[in-house]
Amino acid sequence: MSSCAPVLTLRPEERADLLSLLAAAARPLADVVADFLARFPRERRLRVGATLCFLLEDKKMLHPTGRLIAFAILHQSYSSQLANPYVPMLLNAAGDETSEKSERAFAQLLLTSASGNNNEVLKQSAVDYINGSVSASQVLLTQEQLEKQYCSNSVQAQPQISSFRAATVRCAIPDPDVPTSCANSSESAISSPGSKQKSASDDRDSALAGLLQEKSMGRLGPQWIRPTPPRLPVLDGELQWLNPDNNHELLWDYSMCADTSRGAAIRDLIARALKGPLAPAQQEQVIIELAKDPKLVYHCGMTPQKLPDLVEHNPLIAVEVLSKLIHSPDISGYFDVLVHMEMSLHSMEVVNRLTTAVDLPKVFVHEYISNCIHSCQNIKDKYMQNRLVRLVCVFLQSLIRNKIINVKDLFIEVQAFCIEFSRIREAAGLFRLLKSLE
């Protein structure tokens, strides 16, 4: 692990606990560390440690006492394990000649835990250590001496930082308006922890809380360039189409020259049927041709949009065409047009004949009946309304007697329709038929 790992998001309660621990300058360091271990479970300590590493990078972010507390937490949080991931950062802090002597001495005492001085220094508070004479009289070792001494007594090697990691840039930029001396402006007040430090301490605490609320406080690394791998040569056993440089042969569509005169007569008769009624002989010809070859229905030029015209002018041919298209994937489109077209005697005749010729979907039959009922209710002309009601009643009686529909599925809707138009004889007859089936 490098000296500064990317900071992961801390929870609000974790940020508050961490700030309170860093501000406990008058408490013994051992108590602060014990409090840290009690507040943060093992699986969350790596996140908090990464946050402390980030705060320690800039010497102006933390108070001198807060920096000592952070060093103690990072060292003691992994003291029971063989490898401490924060040792490289502690080595850098102990050998940094630009740091305060008390801070360097404190970091070196933590690293030389075998001598026993580690336990003694943790019994003091951060304020007592800075004001004491231990750090002033301690002989400081150089960076090379520290690395040599530590690596000879520990399984941890020197920090291994990749060249890619070394090229990263910190996300946090120091404020140029804050002088360096501001970080040490409150050192004179360390001896009196109870004194009020409003200007420097409060500003630092608010800025620190704002930094801890950021989602990411790591480093900005260079873009990882991933060049496109070169293509491998095509082997003899591979499929030819996998090679984009291969010259493909043209495939000839032999159906382009097929004889299309097969359905010419049917297409001509269907085109005439869409414009007006055909003669009986012509109707019989269409029915005979479709009976001989049902697949001609796919070559007659019929589409769902043309169905209403065929139903109104030649309902018998419409029945033949729809019965041959019953297994077509486009049959749902024909049913949808038939349901929503204007209700008439011919459309009812087509549906009635289809119910006896093929097995129609129940959903289609129910939707068609509901549309017939709504059409009767919405028409304004009384004469046309009475006429359409009679047609619908006769149509429903035919479906019920032939057991095409189950009365129970539409009983309430049909019964309400009969009651609404009870003045019409056919509606009253349909109502009596419903009652007889209960």
Side-chain angles (χ1 to χ4, degrees), residues 3-4 18-19 21-37 45 48-49 51-80 84-151 153-154 156 159 180 183-191 193 201 204 208:
S3 60
C4 178
L18 183 60
L19 289 176
L21 292 176
L22 294 176
R27 295 179 58 188
L29 293 173
D31 294 346
V32 177
V33 172
D35 198 2
F36 170 82
L37 297 178
R45 292 173 190 172
V48 182
T51 304
L52 291 175
C53 286
F54 172 80
L55 297 177
L56 290 171
E57 275 194 0
D58 194 334
K59 299 178 181 180
K60 296 186 293 183
M61 283 189 182
L62 294 177
H63 191 273
T65 56
R67 292 179 63 84
L68 298 187
I69 295 173
F71 286 132
I73 290 175
L74 292 178
H75 184 269
Q76 294 298 311
S77 59
Y78 286 88
S79 59
S80 61
N84 189 331
Y86 304 111
V87 165
M89 186 273 301
L90 293 173
L91 285 174
N92 293 334
D96 188 3
E97 297 180 356
T98 61
S99 301
E100 295 293 330
K101 184 177 181 180
S102 60
E103 181 176 314
R104 293 183 60 192
F106 183 78
Q108 293 189 13
L109 287 176
L110 292 177
L111 292 174
T112 57
S113 57
S115 61
N117 296 330
N118 183 17
N119 297 329
E120 295 296 330
V121 73
L122 291 178
K123 294 180 181 179
Q124 306 179 40
S125 65
V127 173
D128 295 339
Y129 179 81
I130 293 179
N131 292 332
S133 58
V134 177
S135 59
S137 59
Q138 182 176 345
V139 178
L140 299 180
L141 303 177
T142 62
Q143 182 78 26
E144 293 76 11
Q145 293 174 338
L146 284 170
E147 293 178 356
K148 183 177 180 180
Q149 177 181 352
Y150 188 83
C151 294
N153 298 326
S154 175
Q156 296 166 333
T180 308
N184 303 323
S185 59
S186 57
E187 289 184 358
S188 58
I190 294 178
S191 58
S201 179
R204 184 184 295 106
L208 186 59

Given V48 and I73, is the side chain to side chain contact (heavy atoms under 4.5 Å, CB included) satisfied, shown in steps? CA-CA 10 Å; V48 182; I73 290 175; 5.9 Å; no
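- Separation of atoms CD (Q124) and CD1 (I130) is listed at 11.0 Å; rounding is to 0.5 Å.
- Residues in residues 69-78 take part in no salt bridge (Lys or Arg N to Asp or Glu O under 4.0 Å) pair, two or more places apart or across chains.
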Can L62 and I69 be said to form a side chain to side chain contact (heavy atoms under 4.5 Å, CB included), step by step? CA-CA 10 Å; L62 294 177; I69 295 173; over 6 Å; no
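- In this structure, F106 has its ring center no closer than 6.0 Å to that of F71.
- If you take NZ on K123 and OH on Y129, they are separated by 16.0 Å, rounding to the nearest 0.5 Å.
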Apply side chain to side chain contact (heavy atoms under 4.5 Å, CB included) to L52 and Y86, showing your working. CA-CA 10 Å; L52 291 175; Y86 304 111; over 6 Å; no
Quiz: residues 26-34 side-chain donor-acceptor pairs under 3.5 angstrom, not counting sequence neighbours:
unit_1: R27; atom_1: NH1; unit_2: D35; atom_2: OD2; d: 3.3

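- The line from CE of M61 to CG of L22 is 12.5 Å long, rounded to the nearest 0.5 Å.
- What you find for M89 and L74 is that their closest heavy atoms are CE-CD1, 2.9 Å.
- Counting all heavy atoms, side chain and backbone alike, H63 lies closest to T65 at ND1-OG1, 2.8 Å.
- Checked options L109, V87, L110, L122; the residue passing with H75 is L110 (criterion: side chain to side chain contact (heavy atoms under 4.5 Å, CB included)).
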Show the numbers, then the answer: is there a side chain to side chain contact (heavy atoms under 4.5 Å, CB included) between R45 and L37? CA-CA 8 Å; R45 292 173 190 172; L37 297 178; 3.7 Å; yes
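- Closest approach of S77 and F36 over heavy atoms only: CB-CE2, 3.8 Å.
- In terms of heavy-atom proximity, A25 sits nearest to S125 at O-CB, 3.4 Å.
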